[in-house]
Peer 1: 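Let me give you the structure first, and then I'll get to my questions.
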Amino acid sequence: MQYWLMKSEPDVFSIDDLKRVKVEPWDGIRNYQARNFMRDDMRTGDQVFFYHSNCDVPGIVGIMKVASKPYADPTAFDPKSNYFDPKSDPDNPRWMLVDVRYVKKFKRTISLAELREDPVLEGMRLLMRGNRLSVMPVEKAHWDHILSLV
DNA sequence: GCCAACGTTGGC
DNA sequence: GCCAACGTTGGC
């Protein structure tokens, strides 16, 4: 079992949206490091923190789990999509994704500010300077500690 | 809206 | 391969 964190702007796709649809392809990731985590390292059943970015109170809002093997991101092939990438070849897709399934929404948001103040979480990738990665691993010790804050 | 940090592109 | 220019992310 591995643990992850994935970011989404709630104006685009929030944990309430995921709760409604239950399962969602995590499309639109256009960063190689993030793609590599999804393509090479994620396993069905891995647990994932849902993080809201670019909003009033950025932070962790709930849990989902990986619900598929990696497959080609279909939005890369759709000229009408914001995520269209003409350089992604259907025979050798550049962008891969996994489906995620809703598990739970926390009763409260564990805010970025709160995470930053917590000495136990020192060194957590999310909190490193200038971090912009939207898909990243979470250490089990950090995962367990964050759950204890909810 | 601002801007620091970072990733990508493309000329050379 | 270097690096300047540019585009994006995302907190504040």
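Lettering of chains follows the sequences in order, A, B, ..., and the numbering in each one begins at 1. Side chains included, hydrogens not; waters and symmetry mates left out as well; all remaining heavy atoms used.
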Peer 1: Take the protein atom CG of A/Asp56 and the nucleotide atom P of C/dG10, then report the distance between them rounded to whole Å.
Peer 2: 16 Å
Peer 1: I need the single residue from A/Tyr71, A/Tyr32, A/Phe77, A/Tyr83 that forms a ring pair (Phe, Tyr, Trp, His ring centres under 6.0 Å) with A/Trp95. Which is it?
Peer 2: A/Tyr32
Peer 1: In whole angstrom, give the distance that lies between atom CG of A/Leu5 and atom P of C/dG10.
Peer 2: 11 Å
Peer 1: Would you say A/Lys7 places a side-chain N or O within less than 4.0 Å of OP1 or OP2 belonging to C/dT9?
Peer 2: no
Peer 1: Could you pull out the protein-nucleic contacts involving nucleotides 4-8 of chain B (nitrogen or oxygen on both sides, under 3.5 Å)?
Peer 2:
residue: B/dA5; atom: OP1; partner: A/Arg129; partner atom: NH2; Å: 3.2
residue: B/dA5; atom: N3; partner: A/Arg132; partner atom: NH1; Å: 3.0
residue: B/dC6; atom: OP1; partner: A/Arg129; partner atom: O; Å: 3.1
residue: B/dC6; atom: O2; partner: A/Arg132; partner atom: NH1; Å: 2.4
residue: B/dC6; atom: O2; partner: A/Arg132; partner atom: NH2; Å: 3.0
residue: B/dG7; atom: O4'; partner: A/Arg132; partner atom: NH2; Å: 3.4

Peer 1: Which class fits the ring pair A/Phe50 and A/Phe13: parallel under 30°, tilted 30 to 60°, perpendicular over 60°?
Peer 2: parallel
Peer 1: Kindly check if the number of other-residue, nucleotide or ligand heavy atoms within 6.0 Å of CE (A/Met128) is above 12?
Peer 2: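 Atom CE in A/Met128 is not crowded, with 12 or fewer foreign heavy atoms closer than 6.0 Å.
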Peer 1: According to a strict under-4.0 Å criterion, is A/Tyr51 in side-chain N/O contact with OP1 or OP2 of C/dT9?
Peer 2: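 So the side chain of A/Tyr51 is outside the cut-off, no N or O lying under 4.0 Å from OP1 or OP2 of C/dT9.
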Peer 1: Report the residue (A/Asn54 or A/Arg94) whose heavy-atom-nearest nucleotide on DNA chain B is the more 5′ of the two.
Peer 2: A/Asn54
Peer 1: So do A/Arg94 and A/Asp85 actually touch side chain to side chain, heavy atoms under 4.5 Å?
Peer 2: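 Yes, at least one pair of side-chain atoms sits under 4.5 Å.
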Peer 1: Between the side chain of A/Lys7 and the main-chain N/O of A/Leu133, is any donor-acceptor distance below 3.5 Å?
Peer 2: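 Yes.
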Peer 1: Atom NE2 of A/His52 and atom P of C/dT9: how far apart are they, to the nearest Å?
Peer 2: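 In whole Å, C/dT9 P and A/His52 NE2 are 17 Å from each other.
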Peer 1: Checking A/His52 side chain against A/Ile15 main chain: does a donor-acceptor pair fall under 3.5 Å?
Peer 2: yes
Peer 1: Rounded to whole angstroms, how far apart are CD on A/Glu9 and C1' on C/dG10?
Peer 2: 8 Å
